[in-house]
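Here is the naming used below: chain letters follow the sequence lines, and residue numbers restart at 1 for every chain.
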Amino acid sequence: MHLSETATTGYFFLAPWLVFAPVIGLLVNIIFGGRFSEKVIGTVASLASGASFVVSVLLAWSLAAGHGAAVTVPFLEWIHIGNLELDWAFRVDSLSTTMMLVVSGVGTLIHIYAIGYMHEDVRFKGDPGRFRRFFVFLNLFIAMMMILVSGDSYLMLFVGWEGVGLCSFLLIGFWYDMDTLGRPSWANSNAAKKAFVTNRVGDFGFLVAAFLMFWAFGSFQFDEVFEAAHAVAPGVIVAITLFMLIGVAGKSAQIPLYVWLPDAMAGPTPVSALIHAATMVTAGVYLITRSAELYTLVPQAQYIVAMTGAITALFAATIAVGQYDIKKVLAYSTISQLGFMVAAVGMGAFVAGMFHLVTHAFFKALLFLSAGSVILGLERGHHHAEHSHHEQKSKGKGGKSKVEGGHGAHDRHEEVFDPGDMRNMGGLRKTMPVTFWLYMIGTLALAGIVPFAGFWSKDEILLDASLHYPTVYLLLSIAAFFTAFYMGRQIWMVFFGEPRHEAAAHAEESKPIITAPLMVLAALSLLGGALNLPFEGFHQLGHWLEYTLHEVEALPLDLQVAGISTLLALTAIFLSWLIYGRNPLKAGQPDPLKKPLGFIFTGMENKWFVDEGYFAVIINPFKRLSYFLADVVDWRFWHDWFHETVIAGTYNWLSNIGLNLYADQKGIDAFANWLGTATQSLSATLRKVQNGFVRSYALSVLVGVVFILGYLILKS
Amino acid sequence: MEFLLQPLTLLTFFPLLGVLLILFINAEAKNAIRWVALATSLITFGISLWVLAMFDASNVNLQLVARYDWITVAGWNIQYFLGIDGLSILLVLLTAFLTPISILSTWTAVEERVKDFMIFFLLLEVGMTGVFLAQDLFLFYIFWEFTLVPMYFLIGIWGGPRRIYAAIKFFLYTMAGSILMLLAILWLGIYGGTFSVPDLVALGNIPANIQWWLFLAFTAAFAIKVPMWPLHSWLPDAHVEAPTAGSVILAGVLLKMGTYGFVRFNLPLFPEAAVRAAPWIALLATIGILYGAMVSYAQADVKKLVAYSSVSHLGFVMLGLFAMNPQGIAGGILQMINHGLSTGALFLLVGMIYEQTHTREIKVYGGLWKITPVFGSIMLIVSLSSMGLPGLNGFVGEFTILLGAFGSQAIGNTAYAIASALGVIMAAVYILYMFQKMFLGPQGEIVDEVKKHGHGLRDLNWREIVTVVPLLIFIFWIGLYPKPFFALMAPAVEHLVGMLPIP
């Protein structure tokens, strides 16, 4: 079972279509999309992603039929030079198919949702032409993600790894000419750039890990690497795993590289859900799980990974408490939940980590998409309110308002309205009931309330930590408490109380194309726990992953751990009700926690000033050094002073001295004069034929050649 | 006739036929001149494909050899000696490929003295092809120096405001290094009684201390051409002032003459010295990678930004070559091609927008992607290729280079590769900075500025698309399926590695 076999039976030969299907989808939309309506574009893209899902299902089915034996599907010889043999092959095993199913399954749902969402979004932003581009990028993302999870070697994984980074860049910067409120600005493109560059820092770690791996094991192929790892000094493995952790920190938004993810919320909401919550950011967790055989060899590295995850989980959860933007809260929550997963796989609880990855994909996608529905609802409400105001105003002007496609562009609004700010919301339970209930399901799953999916997966992580890593257990438990608290805060602020803005009062529920995919995700968030119930005879995900991972520990439910975590969550929700639910926030009122917590809340609000710290310590010094090198060192010193003054100047000075020396002596003076005249006449003659010193250079080369040849002849 | 019909002779000198034809065309018939030049370069490209078809990659020796005694006096034996092998074939193809593209790019950009321009351009192609094919040191030197002259005029006549200064600096700088190389070549000729490279390599046994000086003399010429840090000072001047087509050829091919020189001459002729120098070259290369990337980031002029990025990219090439293992050298050679494609394309694209706006200042741009979507998308692909995104050509070269350098016994320290890998982050910093400031964000002031003077900015026209699409095809091809490219050079590279006395 250890070494992969080549496919014989089943649908394994379809594996390349995981990637081809979305690529075909995006090519069709690039080439013909100009003539398609929005519906057709969206359908093509969704079908392409759906085809990937169908292939994933067939692969999983074939795998199950073959009792889980890993299969390698060779596809293309990529780089062959020296002893480097790098091929693009697809690896179908229980781990990769799990990822494939999540990515293409959730991905397809989000494609469908995005048809409805982007239809409205491009109109609110005043640029319907970008609808097609969105789906091209989304398909590209699915293709890249599939390369990532299906690659049979670290290098193919890396190809997908960087590829999804690109898609992330393109989609965060989708509205590249504005900020999140639609004003002309560099903000969104800055966020996109920040994400790409931060990810590149992580990729640097990945690359170094890959180099170490190649020169230690002679291969990038998973099986060969794992086979060889046992014979290599642990020091090398520690180095490999820790450099890999840098990559994980970049992609999965862990300390210290998490800073890009909150800014990534600049992307349209479906992007936040798909890329920055459900799939791409979990790639790091997948990478560690994939490298289980390396990590389990070096407990020191495992400890560092687990602590990184646990600290991130708590740290991000504290920031989430102080945020006002509905998506920012979810973003920090994502970082925190990724911390849970990283802690889990760091502790060696790979199944628990993967389990949480899957359930988190369901409920966090649900939450983000529901948040998108809320934002759209507010936008609609805002436009209604604006529209009626505007009509009243423009009556006097003869009603000559420029209206594009029924909606005005944002720049006409006098007051900038932020549809994502929770302080503008309130009472949405009544105006958007469907969204409200969907959001509730997501919240309960995230907070870890029985029997929602999040409870089971989070509990498994906590249980494992309580047994092996007490510090991690403590950190994660506090983080879980915060999680329930900030989600409670959000629910009270968004859906309860009275509307704090007229947009919230006029908010409208979303159409079925938006809510239908949400219902599927809600069902999954409710029932997802069934994937791996901690009872005798269940543990299905564990058994499934056991085909790929070894020594899977199937722990039974521990009532003490489960009880404590449930108690913590309920206490936190109760506390949030006391603060935000009992006395709902009024318009313009500061956060009730601001006063009692003082500077601590200021820190939470301002993300503990980490961005500012990075600017002060890394980014600004880098900029200053760049400018110093470019302007002072390279240009003024090296280019101007050294080349102009020293080299050219010395040359001129020497030739002047030479002339003066000769001029003092009569004989030489005469000679020099003659030489001068001769040269002058010669050069005058030359100047008639041609101009510039290149000709005289050509002449001197000729003279030189003649001289050399003469020397050679005379010498013989 | 037999002499002229040899494939390599034909390939080298065919552009002269175009020059001859153009001489007879009235200087006012600009389009006729353009078409003749384009046709000539296209036929030359066809000949290069014919050479490729006859080329046998598994043979590590020189192929399609054309060899005649040329000047034999006093026991000296200077030969007309052309040959091709796995180390040079890709560069020869690159030269023949980039020349028609560059000519096409001048169609509307060059309106003055078209006749002279095309004559110089075709002469330049003769020189460049000759450099890559010459197997006699003396013949090589002649071609090497010969390329300076047309390039000097291309910069000096059709360049920007400081063109004379840039042209002279380019000329003097490169010449200074060449003179040292000429001395070394003469020494070798006297020592070996021949200028033939394969014969000199076979002869071997040059005393170690002399090898060292000869190595340094050759290095002086090549390092300036590459240019290796800190000898890069001529490059930003030359690039900024050169016309677009000149920049394309300068970055795409002329710089490669330097790196090629290291592979063709320094490694096989002075193997002991080369191994001894490897850590030092690696150090300079690493500094170049990081320094070039940082300085690039701080540029306000987009052409200068691309010029400094070349310093960084060529640093990677040098690092790979002196890793002295198959991954490093093959990656280095492939990266020469990659740099020619990506940076060539960057200069082309920058030239296309410059033609409309007449400014290279980054800060006046902004939001171009919205106004010129095709241009923006192509620029994005080329930028990503330049910063080494997997799936595009740059990654394949950079990755194999870094992998080779990391495990290189000749360099002997992984620190160089790790530090150079930081260049991958910095490349993202300056390339994304450039792309963001020009193509993303709110609309820049130049857009209205251009509108005042006419129709406003337009997207790429068909001629411009035809100019860049061939480059894009190779950017994707090498990125997705580099196997045929590696296959062309692998045997020759492994043969070369076998000759090096690596500890």
Undergrad: Do A/Phe196 and B/Leu389 have side chains that get closer than 4.5 Å, going by heavy atoms?
TA: yes
Undergrad: Highest number of heavy-atom pairs under 4.5 Å with chain B: which of A/Ser189, A/Gly82, A/Gly165?
TA: A/Ser189
Undergrad: How far does CG of B/Leu440 sit from CG of A/Asp177, to the nearest 0.5 angstrom?
TA: 8.5 Å
Undergrad: Select one option (side chain, backbone, both, neither) describing which atoms of B/Thr414 are under 4.5 Å from chain A's heavy atoms.
TA: neither
Undergrad: Centroid-to-centroid, B/Phe406 to A/Phe214, below 6.0 Å?
TA: no
Undergrad: Which answer fits A/Leu212, side chain, backbone, both or neither, if we ask what part of it has an atom under 4.5 Å from a heavy atom of chain B?
TA: both
Undergrad: Sort B/Tyr430 into side chain, backbone, both or neither according to what part of it lies under 4.5 angstrom from a heavy atom of chain A.
TA: neither
Undergrad: Quick one: what part of B/Pro230 sits under 4.5 Å from any heavy atom of chain A, side chain, backbone, both or neither?
TA: both
Undergrad: Please state whether the side chain, the backbone, both or neither of A/His80 comes within less than 4.5 Å of a heavy atom of chain B.
TA: backbone
Undergrad: Sort out for me which of B/Ile164, B/Val493, B/Val497, B/Leu480 touches chain A most, counting heavy-atom pairs under 4.5 Å.
TA: B/Leu480
Undergrad: Just give me the residue among A/Val201, A/Asp179, A/Leu207 that pairs up with chain B most often, heavy atom to heavy atom, under 4.5 Å.
TA: A/Val201
Undergrad: Among B/Lys304, B/Met294, B/Gln299, B/Lys437, which residue has the highest count of heavy-atom pairs closer than 4.5 Å to chain A?
TA: B/Met294
Undergrad: Side chain from CB out, backbone as N, CA, C, O: work out which of these in A/Asp203 comes under 4.5 Å of a heavy atom of chain B, or both, or neither.
TA: neither
Undergrad: I'd like to know whether CH2 of B/Trp477 has more than 12 heavy-atom contacts from other residues, nucleotides or ligands below 6.0 angstrom.
TA: no
Undergrad: Within this structure, what is the CG-OH distance for the pair A/Leu625 and B/Tyr297, rounded to the nearest 0.5 Å?
TA: 11.5 Å
Undergrad: Assess whether side-chain contact (heavy atoms from CB on, under 4.5 Å) is satisfied between B/Tyr481 and A/Trp78, documenting all intermediate values.
TA: CA-CA 6 Å; B/Tyr481 193 57; A/Trp78 196 36; 5.7 Å; no
Undergrad: Heavy-atom cut-off 4.5 Å, strictly under: side chain, backbone, both or neither for A/Phe169 against chain B?
TA: side chain
Undergrad: Identify the heavy atoms of A/Ala630 and B/Ala298 that sit nearest to each other, and give their distance.
TA: CB-CB, 3.5 Å
Undergrad: At a 4.5 Å cut-off on heavy atoms, which part of B/Gln443 comes close to chain A: side chain, backbone, both, or neither?
TA: neither
Undergrad: Taking all heavy atoms of B/Val429 and all of A/Phe622, pick out the closest pair and write down the distance.
TA: CG1-CE2, 4.0 Å
Undergrad: With a 4.5 Å cut-off on heavy-atom pairs, point out which of A/Tyr627, A/Trp88, A/Trp161, A/Phe158 contacts chain B the most.
TA: A/Tyr627
Undergrad: Report which part of B/Glu494 has an atom under 4.5 Å of a heavy atom belonging to chain A: side chain, backbone, both, or neither.
TA: side chain
Undergrad: Determine whether B/Lys483 and A/Ile79 satisfy the following criterion, side-chain contact (heavy atoms from CB on, under 4.5 Å), listing intermediate values before the conclusion.
TA: CA-CA 6 Å; B/Lys483 203 185 158 212; A/Ile79 303 179; over 6 Å; no
Undergrad: Measure across B/Ala490 and A/Ile81 and return the closest heavy-atom pair with its distance rounded to 0.1 Å.
TA: CB-CD1, 3.8 Å
Undergrad: Between B/Lys169 and chain A, with a heavy-atom cut-off of 4.5 Å, which part of the residue counts as in contact: side chain, backbone, both or neither?
TA: side chain
Undergrad: May I have the step-by-step check of side-chain contact (heavy atoms from CB on, under 4.5 Å) for A/Tyr176 and B/Gln436, ending in yes or no?
TA: CA-CA 9 Å; A/Tyr176 52 78; B/Gln436 183 202 14; over 6 Å; no
Undergrad: Examine whether an atom of B/Met426 lies under 4.5 Å from a heavy atom of chain A, and if so say whether it belongs to the side chain, the backbone or both; otherwise answer neither.
TA: side chain
Undergrad: Shortest non-hydrogen contact from B/Gly388 to A/Arg200?
TA: O-NH2, 3.4 Å
Undergrad: If you count heavy-atom pairs within less than 4.5 Å of chain A, which of B/Asn325, B/Val396, B/Leu422 leads?
TA: B/Leu422
Undergrad: Please test B/Val295 against A/Trp635 for side-chain contact (heavy atoms from CB on, under 4.5 Å), starting from the C-alpha separation and ending with a verdict.
TA: CA-CA 10 Å; B/Val295 172; A/Trp635 206 254; over 6 Å; no
Undergrad: Please classify the contact of B/Ile329 with chain A as side chain, backbone, both or neither, using a heavy-atom distance under 4.5 Å.
TA: neither
Undergrad: Working to the nearest 0.5 angstrom, can you tell me the gap between A/Glu162 CD and B/Leu392 CG?
TA: 10.5 Å
Undergrad: To the nearest 0.5 Å, how far apart are CG in B/Leu172 and NE2 in A/His643?
TA: 11.0 Å
Undergrad: Please identify, among B/Leu403, B/Leu432, B/Ile425, the residue contributing the most non-hydrogen atom pairs under 4.5 Å to chain A.
TA: B/Leu403
Undergrad: Given that the side chain runs from C-beta out, which part of A/Trp175 has a heavy atom under 4.5 Å from chain B: side chain, backbone, both or neither?
TA: neither
Undergrad: What part of A/Leu76 is in contact with chain B, defined as an atom under 4.5 angstrom from a non-hydrogen atom: side chain, backbone, both or neither?
TA: side chain
Undergrad: Is A/Asn188 in contact with chain B via its backbone, its side chain, both, or neither, using a 4.5 Å heavy-atom distance?
TA: neither
Undergrad: Side chain, backbone, both or neither: which part of B/Tyr173 has a non-hydrogen atom closer than 4.5 Å to chain A?
TA: side chain
Undergrad: Mind checking whether A/Phe211 and B/Phe399 have parallel, tilted or perpendicular rings, split at 30° and 60°?
TA: tilted
Undergrad: Need one label for A/Leu629: side chain, backbone, both or neither, based on atoms under 4.5 Å from any heavy atom in chain B.
TA: both
Undergrad: Please flag which part of B/Trp369 lies under 4.5 Å from any non-hydrogen atom of chain A: side chain, backbone, both or neither.
TA: both
